[in-house]
Amino acid sequence: NLDKSFHFNAVIVNYFYLSKLLESISMNKKALFTHDSFSKNKKSEHKAAYYLSKEEEQKALKRAPYVFAMQDVEADYFRTLHPNGKILINYSTYKYHVQPTIGNHNILFLSGKSVFNIAGLKWFIDKIFPVIKAYFSDAKLCIAGSICDLLPEYADRKDICLVGKVENPDSFFLTGDIAINPCYQGTGLKIKTFEALAYDKITMVHPHSTIGIFKRDTAPIFSSEQPQEWLDFLRKVWEKDKGLIDKLKAQIRAYMHEMDVFVKSQYREFLDCSQI
């Protein structure tokens, strides 16, 4: 009914929930906007709340001539399910916030209450943080967001600060130069990785939190599972190379701009236009 009233040139629907709508729309510029694959991973309590069989997901994909994947690993998988479709990658875009170098030894983590976030944070606290603290005794882990409601066991620790919910992420990210995404399982969005980059932070992650991201091999992101490698990197940033933070910030800004240009090119290809 909306199409009859407004005569849309293009339509993008939220995958897979609204994909049936595409069957009643005659225009060619139709796309599914995906945020995960619901059949690539095995069904389990640690996966997405929704689960589709391979055949069900394929049926949803084939309703659209175009599919936007949120990361390149899923794009490759969607191409096997929908070989006649045009699979684009839109990664998502983030407003960049330039922030000054703070110069302290705070480590920042902003997160919601997802079980994946809690598991990743506890991995960092148990495996990585003690090694950092043994060398940098003044290092402090600052945690913000609704995840703080589920961490009462850390409330009395002097080296962990539970900030709680924040109205303005700018103010939280101004409290340090290093941000982390220690999640080692979960869905494909990698939001916390890119939110940290978008706030001009040196970003350290578990390798899982780089899977499928834009130009993974050259992204200005530290990733490792090894505690000593985390410490070695922090020693370079905080101690050995006083200009390294500024160098990394410049690389992050260039990387985020390049990703933004790429995302716009994908929408131009979908809309078949030269301007967005």
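FYI, side chains are in, hydrogens and waters are out, and symmetry mates aren't considered; it's all heavy atoms of this structure. All figures in this text were calculated on a predicted structure; none of them were measured in a lab.
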Step-by-step side chain to side chain contact (heavy atoms under 4.5 Å, CB included) determination, Glu55 to Lys59
CA-CA 6 Å; Glu55 292 73 23; Lys59 184 177 181 180; over 6 Å; no
All heavy atoms of Leu32 vs all of Ala60, minimum pair found to be CD1-O, 3.1 Å
Could you tell me if the side chain of Lys122 sits less than 4.5 Å from the side chain of Lys127, heavy atoms only?
no
Distance col, row Met27:CE vs Asn9:CG, nearest 0.5 angstrom, shows 7.5 Å
State yes or no: do Ile202 and Ile213 share one hydrophobic cluster built from I, L, V, M, F, W and Y residues joined by side-chain heavy-atom distances below 4.5 Å, directly or via other members? yes
Correct closest heavy-atom pair for Glu225 and Pro207 would be CG-CD, 3.7 Å
message = When you group the ILVMFWY residues by side-chain heavy-atom contacts below 4.5 Å and let the links chain together, are Leu141 and Phe222 in the same group?
response = yes
Separation between CD (Glu153) and CD1 (Ile160), nearest 0.5 Å, reads 8.5 Å
Before accepting this row, confirm whether a basic side-chain N of the pair Lys133/Asp138 lies closer than 4.0 Å to the acidic partner's carboxylate O. no
>> Determine whether a donor-acceptor pair (N or O, by modelled atom type, separation under 3.5 Å) exists between the side chain of Ser209 and the backbone of Cys183.
In response: yes
Exercise. State plainly whether one hydrophobic cluster holds both Val205 and Leu234, where clusters connect Ile, Leu, Val, Met, Phe, Trp and Tyr through side-chain heavy atoms under 4.5 angstrom apart.
Key: yes
- Quick one: do Glu269 and Lys86 make a salt bridge, cutoff under 4.0 Å? yes
Between the OG atom in Ser111 and the CG atom in Leu121, the distance rounded to the nearest 0.5 Å is 7.5 Å
Check: His82 and Tyr77 side chains under 4.5 Å, non-hydrogen atoms: no
field: Trp230 and Phe129 aromatic centres sub-6.0 Å
entry: no
message: Any side-chain to backbone donor/acceptor pair from Gln58 onto Leu81? Under 3.5 Å, distance only.
response: yes
Heavy-atom closest pair (Tyr96 atom, Asp200 atom, distance to 0.1 Å) is OH-OD1, 2.5 Å
Measuring centre to centre across the rings, with the benzene-like ring taken for any Trp, is Phe214 within less than 6.0 Å of Tyr255? yes
query = Does atom NZ of Lys20 have more than 12 heavy-atom neighbours, drawn from other residues, nucleotides or ligands, at distances under 6.0 Å?
reply = no
**Prompt:** Donor-acceptor pair, Thr80 side chain versus Phe78 backbone, under 3.5 Å?
**Reply:** no
| query | Are the aromatic ring centres of Phe68 and Tyr267 under 6.0 angstrom apart? | reply | yes
Closest heavy-atom pair, Phe262 versus Ile89, reported as atoms and distance to 0.1 Å, is CE2-O, 3.5 Å
Hphob cluster co-occupancy, Leu52 + Leu18, side-chain heavy atoms under 4.5 angstrom: yes
d(Asp3 CG, Ser26 OG) to nearest 0.5 Å is 6.5 Å
Is Val237 linked to Ile128 within one hydrophobic cluster, defined over Ile, Leu, Val, Met, Phe, Trp and Tyr using a side-chain heavy-atom separation of less than 4.5 Å?
yes
(message) Do Lys30 and Ile12 have side chains that approach each other closer than 4.5 Å (heavy atoms only, starting at C-beta)?
(response) no
Any chance the rings of Phe194 and Tyr91 have centres within less than 6.0 Å? no
| Any side-chain donor near an acceptor of the partner, Asn117 and Lys192, under 3.5 Å | yes
Discussion item. Do Lys249 and Gln99 pair up side chain to side chain, a donor and an acceptor below 3.5 Å, judged on atom types alone?
Written reply: no
Item to check | Audit row: Asp232, Lys236, salt bridge (charged side-chain N to carboxylate O under 4.0 Å, His left out) steps and yes/no | outcome: CA-CA 6 Å; Asp232 291 345; Lys236 286 193 294 184; over 6 Å; no
Review point. With a 4.5 Å heavy-atom cut-off, do Asn106 and Leu108 have their side chains touching?
Key: yes
Worksheet entry | Polar contact flag, side-chain donor to acceptor under 3.5 angstrom, Thr193-Asn181 | yes
Can you find a heavy atom in the side chain of Ile211 that is under 4.5 Å from one in the side chain of Gln71?
yes
Are more than 12 heavy atoms from other residues, nucleotides or ligands located less than 6.0 Å from atom NE2 of His97? yes
Does the side chain of Lys29 come within less than 4.5 Å of Val11's, by heavy atoms? no
Give the C-alpha distance, both sets of side-chain angles, the deciding distance and a yes or no for side chain to side chain contact (heavy atoms under 4.5 Å, CB included) between Phe33 and Val13. CA-CA 6 Å; Phe33 182 100; Val13 302; over 6 Å; no
Are Tyr154 and Ile125 packed together at the side-chain level, in the sense that at least one heavy-atom pair is separated by less than 4.5 angstrom? yes
Can we say Arg216 and Asp72 salt-bridge, meaning some charged N sits less than 4.0 Å from an Asp/Glu carboxylate O? no
Value for CD1 (Ile87) from CZ (Arg79), rounded to nearest 0.5 Å, stands at 6.5 Å
Original post:
Do the non-hydrogen side-chain atoms of Leu2 and Phe8 ever get within less than 4.5 Å of each other?
Top reply: yes
### Polar side chain donor-acceptor pair, Gln266 to Tyr66, under 3.5 angstrom
no
Test side chain to side chain contact (heavy atoms under 4.5 Å, CB included), reference Tyr94, set Asp260, Val263, Ile191, output is Ile191
Checklist entry - Please walk me through it: do Ser224 and Phe233 pass side chain to side chain contact (heavy atoms under 4.5 Å, CB included)? => result CA-CA 10 Å; Ser224 176; Phe233 180 80; over 6 Å; no
key: Validation row, ring centre Tyr184 to ring centre His208 under 6.0 Å   = no
>> Could you go through Phe124 and Ile132, starting from their C-alpha distance and side-chain angles, then the distance that decides it, and tell me whether this counts as side chain to side chain contact (heavy atoms under 4.5 Å, CB included)?
In response: CA-CA 10 Å; Phe124 175 82; Ile132 296 172; 4.1 Å; yes
In short, Val163 meets Cys148 closest at the heavy-atom pair N-SG, 4.0 Å
Is atom CG of Asp246 surrounded by more than 12 heavy atoms (other residues, nucleotides or ligands) closer than 6.0 Å? yes
Closest non-hydrogen atoms of Ile147 and Gly112, given as atom of the first, atom of the second and distance, are CB-O, 3.2 Å
#### Entry: Gly103 backbone acceptor or donor facing Asp177 side chain under 3.5 Å
yes
- Is the count of non-hydrogen atoms from other residues, nucleotides or ligands lying under 6.0 Å from Glu23 atom CD greater than 12? yes
Separation between CZ (Arg63) and OG (Ser19), nearest 0.5 Å, reads 4.0 Å
